[in-house]
Trainee: 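Structure in structure tokens, see below.
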Amino acid sequence: MAAPKFEVPKFQDNAVLDIPKIQEGAMSHMKSFVAGQAAQEYLGYPWELGEDWKERAIERMGEVLQKYRSVRVFLDACVHCGACTDKCHYYLGTADPKNMPVARQELMRKVYRRYFTFGGKYFPWLVGAEDLTQEVLEDWYNYYHECSECRRCSVFCPYGIDTAEITMAGREILNYVGMGQKYSNEILAKVQKIGNNLGLPGPALEDTLAGLEEDIEADIGVPVKLPLDVKGAEILLVTPSADFFSEPHVESLIGYAKVFHAAGVSWTLSSHASEAGNFGLFNGNYEMMRNVAMRIRDAALELGVKRIIVGECGHAWRVAYSYWNTLTGIGYGGDDPYAQMLQKQLDSRYPQPMHICEYTWDLIQQGVLKFDKSKNDHRVITFHDSCNVARASRMGNEPGGQFTIPRNIIRAVANNFYDMDADTIGESTYCCGGGGGLLTDDLMEVRVKGALPRMNAYNSVAQANGVNFLALICAICKAQFTKVFPYYGFDMSMVGGVHQLVSTAIELD
Amino acid sequence: MSALTVFYTGLFYFATLVFIGGVAYRIYEYSRTPAPLKIPTTPAPTTGSGVALRMAREVVLFESLFKSNKWIWIFGWMFHFGLLLVLLRHIRYFQEPVWFWVEFIQPFGMYASFMMVAGLAGLWARRFLVDRVRYISTPSDHLMLALLIGIGISGMMMTFVTHTDIVALKAFMRGLMYFDWQPLPGDAVLLAHLTMVALLMIIFPVSKLLHAPGIFFSPSRNQVDNPREHRHIAPWAAALEKDRA
């Protein structure tokens with residue numbers, strides 16, 4: 001790790017951070033790389049501001065207001081009460097007041113007021129309305145890419161105002177006038193061209209999986225398979241492509257394979273749908289999110305599977321759980337021809353789609369899986385609730401199953417588990433700092449500072465209980481923490497997946 | 001009829017029209033705008049009755065605000081429930097005979113005004129004392145609080161210090177309702193009170209006071225968490241389906 005060009009924040013004694021005094025402009029220098037022509041063109045956006053960018057931006061804002069009740073209501077309802085001001089991990093880590101959720105919303109609200117409301121048209125100075133200028137647009141670009149769309153603010157807002165919706169609308173308008181973000185948009189191009197965010201083509205994927213099979217057999221002497229494109233398999237596993245060859249993600253992939261092996265079920269991955277992640281969510285473009293999700297519907301129909309299971313990935317699970325039914329008809333209750341075909345094909349005894357943790361926990365409850373918990377005894381584990389799983393989805397039949405099921409799995413496969421401070425987990429969980437399209441090196445300062453609230457709570461259990469392992473169910477969290485842990489003096493091997501723990505303890509014959 | 005009576009008669013008809021028409025239009029606009037995706041902030045209720053209960057807790061107890069910040073919660077709750085009692089007490093000026101329960105809450109409503117103004121003062125103090133709240137406060141935020149405190153204090157003046165001719169005022173109000181216009185008493189405190197109330201009604205549909213109807217349309221609070229069981233699709237999104245199929 002090279003020496004950082006910024007000051008890494010210091011830990012505090014309490015697990016929950018003190019609220020910093022505002023420091024105006026503390027992060028205004030932070031601007032992620034803007035997308036170039038190739039990616040923007042592929043996605044159908046301009047790649048530079050045209051003469052008429054302002055008119056286009058206002059026009060797009062008008063369309064968004066027509067299409068999304070969330071944006072319309074949220075822009076009207078805020079009373080500036082201040083309840084959200086100390087809830088964003090980026091504010092707590094940077095003290096930049098524009099990282100307070102209300103101020104981030106205000107960047108758009110002041111423009112909305114100016115062009116779409118009575119007060120803003122006639123009394124702009126009174127209601128804080130402002131013209132859309134290039135300066136404002138730059139602010140949008142910077143601060144809508146210092147929001148990970150984690151929804152923590154929406155938990156605490158008395159009207160449920162979700163800044164993620166505003167950030168998404170902001171990015172959509174930015175894209176529409178030619179200011180896309182390089183990182184997210186190149187990924188969106190790759191996933192639509194090749195099938196996954198890493199741009200890993202089918203043959204490379206096949207090689208990788210074959211190599212993994214050899215490694216597993218050499219390691220435990222059991223021929224655990226990682227099948228690809230098997231028609232007629234019972235289960236289609238859709239997982240973030242990072243699981244195929246990033247560390248520690250791949251350890252969880254091995255864990256899923258061992259669970260399927262132990263269950264004796266036929267399953268397959270798909271080279272066409274080799275990505276669970278869907279960055280269309282981050283950019284707030286419904287059609288693009290739908291296009292990316294369609295690959296999964298197509299693969300499920302093509303392979304004739306009975307069940308669709310999703311691997312460890314936070315925003316992917318949000319899209320799968322909350323949106324796949326809407327976008328593609330994977331789920332129940334749809335009546336268009338594709339939804340009907342899927343309902344006929346998929347096994348109606350199970351929820352569709354299902355999270356890998358729901359699947360594994362069901363098997364554990366049925367007594368199908370055997371574990372030697374002592375194999376995890378070198379680990380003292382805590383669990384980080386990933387934002388999109390915690391606040392934008394569910395597991396199991398009861399509200400809050402997304403909190404209990406992964407913890408139940410950990411307790412079933414390991415002896416040493418401690419939760420972090422109650423104000424930093426569950427629905428109040430802090431984002432890892434790298435979600436929502438911010439997982440890029442050009443935003444490293446934002447990522448490190450934004451991770452402070454989580455790292456501080458982790459440090460508390462590390463000091464108090466000797467915790468040495470942060471269990472995760474999100475590909476972005478895994479990548480973010482492996483990068484950020486060393487900044488805070490922890491080793492990156494302390495980061496891993498829940499199914500990595502399953503993999504360590506499971507007994508196969 | 002005096003010019004004063006004519007002016008206030010006109011003002012109250014105008015304010016009532018703007019208030020009712022404006023809020024109705026906003027509600028129409030919110031209800032007409034689709035929510036294309038399921039975005040309840042989870043954990044969320046999995047049934048419609050669960051959502052009704054969640055919404056009731058938000059509206060009556062300010063549940064999310066309670067989780068968020070105890071100071072804003074206590075001041076906000078004092079203000080809103082003080083205001084509610086005060087408003088209910090005011091029903092007596094519009095009816096003859098007066099309902100039993102309106103008679104019953106009369107003393108509570110009178111003293112609730114102290115709670116209301118204290119809550120407003122607390123909220124206003126935060127706009128000066130807390131650096132984060134100071135940063136986000138606009139001139140209209142301050143003026144809104146000034147207006148509400150002005151209404152509260154002028155009302156309390158008439159309740160506790162210098163009574164107006166309440167019988168004549170009631171006749172004026174009922175005259176408005178039955179289009180049988182009656183003279184309005186001319187004392188300054190009453191006129192100030194009525195002017196500020198009319199102003200509040202007029203700005204309601206074009207201001208942040210829209211949080212009142214808005215919360216009922218907030219998708220993060222009013223949606224049922226059942227996306228796997230029921231397909232949720234907006235009309236404009238369903239049209240995409242036809243293009244493709």
Side-chain angles (χ1 to χ4, degrees), chain A residues 21-22 66-70 72-73 76-83 85-87 97 100 102-103 106 117-119 125-128 151 154-160 162 165 286-287 290 321-323 325-326 329 331-334 336-339 351-352 390-394 399-400 402 427, chain B residues 26 29-30 33-39 41-46 50 58 62 64-65 67-69 72 76 123 126 130-133 135-141 143 203 206-211 214-215 217-221 225 227-234 236-238 240-242 245:
Chain A
K21 289 273 171 224
I22 61 172
Q66 295 292 322
K67 281 174 141 182
Y68 289 90
R69 181 187 296 166
S70 54
R72 183 176 281 280
V73 172
D76 276 346
C78 179
V79 300
H80 296 172
C81 73
T85 54
D86 56 349
K87 301 302 184 282
M100 302 189 298
V102 50
E106 213 58 23
T117 71
F118 175 83
W125 51 273
L126 187 66
V127 296
R151 314 190 86 199
S154 85
V155 171
F156 295 101
C157 173
Y159 321 115
D162 180 5
E165 294 290 308
Y286 186 97
E287 285 85 349
R290 184 166 174 271
Y321 172 85
S322 294
Y323 303 159
N325 199 358
T326 298
Y332 299 100
D336 71 282
Y338 282 101
Q352 307 282 0
R391 291 184 283 260
S393 79
R394 172 161 56 99
Q402 66 268 39
E427 68 172 359
Chain B
R26 289 298 179 180
E29 201 175 42
Y30 293 155
T33 310
L37 293 164
K38 278 276 194 179
I39 59 165
T41 304
T42 59
T46 55
E58 286 297 353
F62 303 177
S64 296
L65 191 57
K67 285 184 204 168
S68 178
N69 185 310
I72 308 178
L123 291 172
R126 286 183 58 81
V130 181
D131 65 334
R132 304 185 309 281
V133 186
Y135 177 86
I136 57 170
S137 296
T138 60
S140 60
D141 294 328
L143 289 175
I203 61 176
V206 293
S207 71
K208 66 176 185 176
L209 300 177
L210 287 170
H211 67 279
I215 182 168
F217 292 93
S218 174
S220 63
R221 292 291 181 271
D225 175 20
R228 290 192 287 197
E229 293 79 19
H230 294 277
R231 191 177 200 196
H232 172 92
I233 193 157
W236 63 261
L240 300 175
E241 217 64 45
K242 288 199 190 72

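Chain naming here is simple, since letters A, B, ... match the order of the sequence lines and numbering starts at 1 in each.
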Trainee: Measure distances from B/L123 to the heavy atoms of chain A and classify the residue's part below 4.5 Å as side chain, backbone, both or neither.
Mentor: neither
Trainee: Which atoms of B/D225 are under 4.5 Å from chain A, going by heavy atoms: the side chain, the backbone, both sets, or neither?
Mentor: both
Trainee: To the nearest 0.5 Å, what is the distance between CG on A/D76 and NZ on B/K208?
Mentor: 13.0 Å
Trainee: With a 4.5 angstrom heavy-atom cut-off, which part of B/R221 approaches chain A: side chain, backbone, both or neither?
Mentor: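 It is the side chain, since no backbone atom gets that close.
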Trainee: How about A/R290 and B/L240: do any of their side-chain heavy atoms sit closer than 4.5 Å?
Mentor: yes
Trainee: What's the shortest heavy-atom distance between A/R69 and B/F217, and which atoms?
Mentor: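 It is CD-O, 3.4 Å.
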Trainee: Between B/F62 and chain A, with a heavy-atom cut-off of 4.5 Å, which part of the residue counts as in contact: side chain, backbone, both or neither?
Mentor: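 Contact with chain A involves no heavy atom of B/F62 at all.
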Trainee: Closest heavy-atom contact between B/P36 and A/K67?
Mentor: CD-O, 3.4 Å
Trainee: With respect to chain B, which residue among A/P399, A/G331, A/A103 yields the maximal number of heavy-atom pairs within a distance under 4.5 Å?
Mentor: A/P399
Trainee: Treating B/R231 as the side-chain partner and A/T326 as the backbone partner, does any N or O pair qualify as donor plus acceptor under 3.5 Å?
Mentor: yes
Trainee: Which distance, rounded to the nearest 0.5 Å, do you find between the CZ of B/R132 and the CG of A/D86?
Mentor: 4.5 Å
Trainee: Where does A/C78 contact chain B at under 4.5 Å (heavy atoms): side chain, backbone, both or neither?
Mentor: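 A/C78 touches chain B through backbone heavy atoms alone.
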Trainee: Go through A/G333, A/A392, A/G160 and name the one with the most non-hydrogen pairs under 4.5 angstrom from chain B.
Mentor: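 Of the options given, most contacts go to A/G160.
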Trainee: Would you mind telling me which of B/P139, B/S68, B/S140, B/A35 has the largest number of heavy-atom pairs within less than 4.5 Å of chain A?
Mentor: B/S68
Trainee: Below 4.5 Å from any heavy atom of chain B, which atoms of A/Y68 appear? Answer side chain, backbone, both or neither.
Mentor: both
Trainee: Would you check if the side chain of B/T42 reaches a backbone N or O of A/A390 as a donor-acceptor pair within less than 3.5 Å?
Mentor: yes
Trainee: Compare every heavy atom of B/D141 with every heavy atom of A/V79, then report the nearest pair and how far apart it is.
Mentor: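 Looking at all heavy atoms of both residues, the shortest contact is O-OD1, 4.2 Å.
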Trainee: Side chain, backbone, both or neither: which part of A/A339 has a heavy atom under 4.5 Å from chain B?
Mentor: side chain
Trainee: Report the relative orientation of the aromatic rings in A/Y159 and B/H211; use parallel for angles under 30°, tilted for 30 to 60°, perpendicular for over 60°.
Mentor: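 Correct class here is tilted.
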Trainee: Checking A/T117 against chain B: side chain, backbone, both or neither under 4.5 Å from a heavy atom?
Mentor: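 Neither part.
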Trainee: Going by heavy atoms in the side chains, are A/Y321 and B/R228 under 4.5 Å from each other?
Mentor: yes
Trainee: Given a strict heavy-atom distance threshold of 4.5 Å, which part of A/K21 is in contact with chain B: side chain, backbone, both, or neither?
Mentor: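 It is both, since atoms from each part get that close.
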Trainee: Between B/S64 (side chain) and A/F156 (backbone), is there a donor-acceptor pair under 3.5 Å?
Mentor: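 No; zero donor-acceptor contacts below 3.5 Å.
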Trainee: OG of B/S220 to CD of A/E165: how many Å apart, nearest 0.5 Å?
Mentor: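 Interatomic distance, B/S220 OG to A/E165 CD, rounded to 0.5 Å: 8.5 Å.
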Trainee: Measure across B/I136 and A/T85 and return the closest heavy-atom pair with its distance rounded to 0.1 Å.
Mentor: CD1-CG2, 4.1 Å
Trainee: Sort A/A83 into side chain, backbone, both or neither according to what part of it lies under 4.5 angstrom from a heavy atom of chain B.
Mentor: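 Both the backbone and the side chain of A/A83 come within 4.5 Å of chain B.
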Trainee: Looking at chain A, which one of B/E58, B/R26, B/E229, B/R126 has the largest number of heavy-atom pairs inside 4.5 Å, strictly under?
Mentor: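 Greatest number of close heavy-atom pairs with chain A: B/E229.
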Trainee: Measure distances from B/A44 to the heavy atoms of chain A and classify the residue's part below 4.5 Å as side chain, backbone, both or neither.
Mentor: backbone
Trainee: Please report the shortest heavy-atom distance between A/H80 and B/V133, naming the atom on each side.
Mentor: O-CG1, 4.3 Å
Trainee: Flag the one option from B/I215, B/D131, B/V130, B/I72 with the top tally of heavy-atom pairs under 4.5 Å to chain A.
Mentor: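 The candidate making the most pairs under 4.5 Å is B/D131.
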Trainee: Please round to the nearest 0.5 Å and tell me the distance separating atom CG of A/N325 and atom CD1 of B/I233.
Mentor: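 So the CG of A/N325 and the CD1 of B/I233 are separated by 9.0 Å.
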Trainee: Does any backbone or side-chain atom of B/H230 lie under 4.5 Å from a heavy atom of chain A? Answer side chain, backbone, both or neither.
Mentor: backbone
Trainee: Find out whether A/Q66 and B/W236 are in side-chain contact, i.e. whether some heavy atom of one side chain is under 4.5 Å from a heavy atom of the other.
Mentor: no
Trainee: Top residue by heavy-atom pair count (under 4.5 Å) with chain B, among A/G82, A/G128, A/G329, A/S154?
Mentor: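 Highest number of pairs under 4.5 Å: A/S154.
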Trainee: Does any backbone or side-chain atom of B/I39 lie under 4.5 Å from a heavy atom of chain A? Answer side chain, backbone, both or neither.
Mentor: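 For B/I39, heavy atoms of backbone and side chain both lie under 4.5 Å from chain A.
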Trainee: Sort out for me which of B/V206, B/N69, B/L143 touches chain A most, counting heavy-atom pairs under 4.5 Å.
Mentor: B/V206
